[in-house]
Amino acid sequence: MTAAAVSLSLPQIEAQALAVLDRASDAKVIAIQAKTKALWPDAITLSGRPFQLRWCESPLMAREAMSTLDDAADGQAAPGLILLTPLAARELGGDVLARLARAQVFQPDAWSMVQQLFKAREIDARLSRFRWMAQLLVERAGMGAYPPVPNGFLDMDTAWRHVLGRCLSLDASKPDAAMLLNWSLGAESAALFDDLPDTAKPQIAAWLGDSAGAVGTLVMQCVLAGNTQDAVPLGLVCGVVLSNQGEGVHELAAAGIRLERFMGDERIGIADGRAWATDAARLLSASALHPLAPTMRHAVNERAEALLRELHVENYAHLSDVLPMGLEQRLGLLAQALKEFIADPSTVLLQAAERAANSAARHAHADAASTRMLRVKMAVRLCRWMAADQPKGNGRGGRVEQGFQVLAQIYAREGSFVDWARFKLIGGDDLPGLSSAYVALRDAARRKAETFNQSFAQALQVWNREPRAEPACMPVEAILERLVAPLAQQAPVLLLVADGLSYSIFRELCEDLEALGWDEHVAGPPPTLAVGVAALPTITEVSRTSLLSGRLVVGAASQEKSAFAAHTALVGASRAGTAPVVFHKGDLADSEGLSSTVRDAIASTQQQVVAVVYNAVDDHLSGSNQIHVRWTIDDLRLLGPLLSEARRARRVVIVTADHGHVIDDGTVQRGQGDGDRWRLPAGAPDESELVYEGGRVKSANGNTVLCSWSEGVRHGAKKNGYHGGVSAQEVVVPLSVFTPRNMALKGWQVAAAPQPDWWAPLEAVTPVLAPEAPALALKLPKPKPVPLPQPDLFGGAAAAVTPAPGEHWIDALQASPAYLAQKALAARVAPADADVRSLLDALAARGGKLSKAALAQRLGMPAMRVSGFVNAAKRVLNVDQAAVLVLDETAGTVELNRDLLSRQFRVTVR
């Protein structure tokens, strides 16, 4: 709009000269008014032509400069000349003026130059209030030519986009909060803003604040206060200081006031600060549109934690879902909750531990797949088990008077899950307090396990005198005849003998088997979980050889091969000329992984019975390393290929073991033995041993042995684990049948989910109360009524039907007109009333919400079928798609909205 107040910049000179050349391309001398002299180059090139630059304070200096044009050598193009002068045209004299382009001294007009640079015929009138913008656009033209504007009109957004892009490296005319926060972390962002003219800074800050909303305004307050790179860390700090959980805390309120000094002494509104915290946290998320580099995330978190210390509220970092310090503090709170629960295993303290664990699990740094968070989950599961109201004789709470078969089943169904959970706690945590809580929890669980193991071992003494082979309690030497051979009559079989596989590790592996498309089957009716019972002592040369030979015997791999191939029942189930075959450790691998010989045997349609001895577990027990093992199929070399070959060949897979093992968790060496946990009779047994003789006892030196029942005792050197004793962990082994998905077996059915009730999260059952002044009113979708008989127009609205005394509310529900109408609409898709009743009972008993696994266990249904069943039930219960029954596949939960159910079916839910 006016000439430059101090001096012309080179970009302004170039822009003005180009504007002249655009109208007079043959101009030789261009005069531009400049108030003061500056450091300009001697020459520039414009439109492919060289031009000299000369400062001329008088007409004489102008004439002298122009004389150089006359001195050009013949045949050479004379360079152009740009005169920079403080003089007006009338002060230069007529002779000088006559030689100037358009016979005038051009007054630099920044907006005219901008118009020329953008090839614009018109400029948005709103830009006139940003006097500094034209100069910036002209000055930044040296960074590259501006693209011509469409339709010849330079609008507001285009001008702002180029100003922000070339001055601040912001690639948008109206950056959002995420872009602005990301920009603030740039190493040069603060310097770029500082380089702006002072007159431009407040208007640029206001523009960015308006474009990015309340969060943008807060960010620009940081920038104006000189704290550009603290914009994201300060947002994270707001997540603590202004947390809704911290309302009314004096220290946080005081910190909020101290926080203002980072904002130019501007107050931070609570709602705006929480939005700032949310956007800052989202920026640090790995799922952000432009995720930060790990080093940058680390630097931001460290700075935010330093700010918390500076504000004296670092002890409240647990209010943050993002800061690493917050996770550490939440885990510290969990440690405290666990210790209080262990001292008093009450429901109230269990719920406190659940809340602390859930809080830790919600944290951004809590990787659900990590060993650390797995231990958190297992610790809470142990707490649920300890708090459960278990009936007498459940096998883990005290001395029990039950038969051996019952105790074996109890261990398989529940004790194995307890061991899975408590063994995962070995190794502790980075936090000493949480590690000590885990130790205390393991000690409490071990005491209960020891009581059970003593009773189990005593019952085993009785059973061993007259052992019986039954599916619920199958001696390993009977497995070939009673299980493998009958199944081989129906389908090709792969017997997978995992040496040393404990039931707790088997439970862990089962999660992978289901995901890989295998269904576990049980024989029935009634459905019976088959478990195996190791021979005594529980060592490989006795129990594995007996299993693969089909009779009690002591031997080695060579004897197992010949006995397996000649087993009468197996031969009877095999095709003529193809004997049953067993592969041991040395047979399994070649240079390509799983041996081609093994692959061919599994794939063969002639080979009806194949057995594989897999030694990964037993090999691990023999070591003394300190590596934490996650028992997954991916991590067990060759197991994945074995199962893949079996699935392609449509083989039934029988998973079993020769014996289990106990983990070394503070074991004590006591005396010398013939094995890790057994010895031949010599002297009286101590308090951790029992004598076993006859029955299923087999050793090279007779049929009497002394075996340890306490898992805390060993005879040999320290290792990862031991076997040979008579604890439930060593004696009870898995004996489970798996088929490729949707493969049927006569006399067998798909097994229900095996998890015990306490394995799933505790859902607190709380009465629904109407608060006087709810903080947030949740608006439920208005249900559409199903077609019902026309009501009496003068009879008023239909009231909810209260079940008669003694009538269950589900009976009233299923007798209601709405339910009957829904069943008719669903037709053949509708589940049976009894199944819907079981579903509603299970959900209502746990406050309306259950995990899919827990629901499957309660319904006695395979976990893989829960989703289909719930979706079918939704066809009946979700009137016009109202969310009465909700299946959340991501979270793995099923939820019943009892209030909406009542309103839809006009039945009071008790």
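Throughout, residue positions are numbered sequentially from 1 according to the sequence presented. As a basis for the values below, the full set of heavy atoms in this structure was taken, side chains included, without hydrogen atoms, waters or symmetry mates. Because the structure is predicted, anything quoted here is derived from the model rather than measured.
- Rounding to the nearest 0.5 Å places CG of Leu164 at 11.5 Å from NZ of Lys174.
- Judged by distance alone, with hydrogens and angles left aside, the side-chain atoms of Ser359 form no donor-acceptor pair with the main-chain N or O of Ala356 at under 3.5 Å.
- Classification of Glu302 and Arg309 as a salt-bridged pair fails, no side-chain N sitting under 4.0 Å from a carboxylate O.
- For the pair Ser320 and Arg330, the tightest heavy-atom approach, listed with the atom from each and the gap, is O-NH2, 3.1 Å.
- Rounding to the nearest 0.5 Å gives a distance of 12.0 Å between OH of Tyr146 and NZ of Lys119.
- In the model, Gln107 has a side-chain atom that pairs as donor or acceptor with a side-chain atom of Gln33 under 3.5 Å.
- Distance alone, capped at 3.5 Å, is enough to place a donor-acceptor pair between the Thr85 side chain and the Cys56 backbone.
- The main-chain N or O of Glu314 is found under 3.5 Å from a side-chain atom of Gln329 such that the two form a donor-acceptor pair.
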- Kindly indicate, with the supporting measurements, whether the criterion salt bridge (charged side-chain N to carboxylate O under 4.0 Å, His left out) is fulfilled by Arg258 and Glu310. CA-CA 10 Å; Arg258 291 193 290 270; Glu310 191 173 333; over 6 Å; no
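- Within a 6.0 Å radius of NZ in Lys201, more than 12 heavy atoms belonging to other residues, nucleotides or ligands are found.
- Shortest non-hydrogen contact noted between Gly273 and Ile268 is CA-CG2, 3.8 Å.
- Looking at Gln16, its side chain never comes within 3.5 Å of a backbone N or O of Ile13 through a donor-acceptor pair.
- Between the side chains of Thr893 and Lys849, no donor-acceptor pair is found at a separation under 3.5 Å.
- Within a 6.0 Å radius of CD in Glu260, more than 12 heavy atoms belonging to other residues, nucleotides or ligands are found.
- The neighbour count for Arg102 CZ, taken as heavy atoms of other residues, nucleotides or ligands under 6.0 Å away, does not exceed 12.
- Nearest heavy-atom pair across Ala883 and Asn897 is O-CB, 3.7 Å.
- In Asp42, the CG atom is not crowded: 12 or fewer heavy atoms of neighbouring residues, nucleotides or ligands sit closer than 6.0 Å.
- A pairwise comparison of heavy atoms in Arg261 and Asn227 identifies O-ND2, 4.4 Å as the closest pair.
- Below 30°, between 30° and 60°, or above 60°: for Trp40 and Trp55 the angle between ring planes is between 30° and 60°, a tilted geometry.
- Side chain of Gln203 to main chain of Phe130: no donor-acceptor pair is present (N/O by atom type, distance under 3.5 Å, no hydrogens or angles).
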- Apply salt bridge (charged side-chain N to carboxylate O under 4.0 Å, His left out) to the pair Asp429 and Arg375, showing each step before the final yes or no. CA-CA 8 Å; Asp429 190 84; Arg375 286 174 177 150; 5.9 Å; no
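- Other residues, nucleotides and ligands contribute only 12 or fewer heavy atoms inside 6.0 Å of the CG atom of Asn151.
- Closest heavy-atom contact between Ala360 and Leu331: CB-CD2, 3.9 Å.
- In this structure, the side chains of Leu284 and Val232 come closer than 4.5 Å at one or more pairs of heavy atoms.
- The shortest distance between side-chain heavy atoms of Gln115 and Leu154 does not fall below 4.5 Å.
- Between the CG atom in Leu259 and the CG atom in Leu307 there is a gap of 8.0 Å [rounded to 0.5 Å].
- With values rounded to the nearest 0.5 angstrom, Arg274 atom CZ is found 10.5 Å from Cys238 atom SG.
- Across every non-hydrogen atom of Leu242 and Gly269, the tightest pair is CD1-O, 4.0 Å.
- Salt bridge annotation for Asp230-Arg303: present, with a cationic side-chain nitrogen under 4.0 angstrom from a carboxylate oxygen.
- Few gaps surround CD on Gln104; more than 12 heavy atoms of other groups in view lie less than 6.0 Å from it.
- The main-chain N or O of Ala281 is never found under 3.5 Å from a side-chain atom of Ser285 such that the two would form a donor-acceptor pair.
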- Starting from the C-alpha separation in whole Å, work towards a yes-or-no answer on salt bridge (charged side-chain N to carboxylate O under 4.0 Å, His left out) for Arg166 and Asp171. CA-CA 9 Å; Arg166 300 199 178 200; Asp171 190 22; over 6 Å; no
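- In this structure, Glu57 does not pair ionically with Lys37, as no charged nitrogen and carboxylate oxygen lie closer than 4.0 Å.
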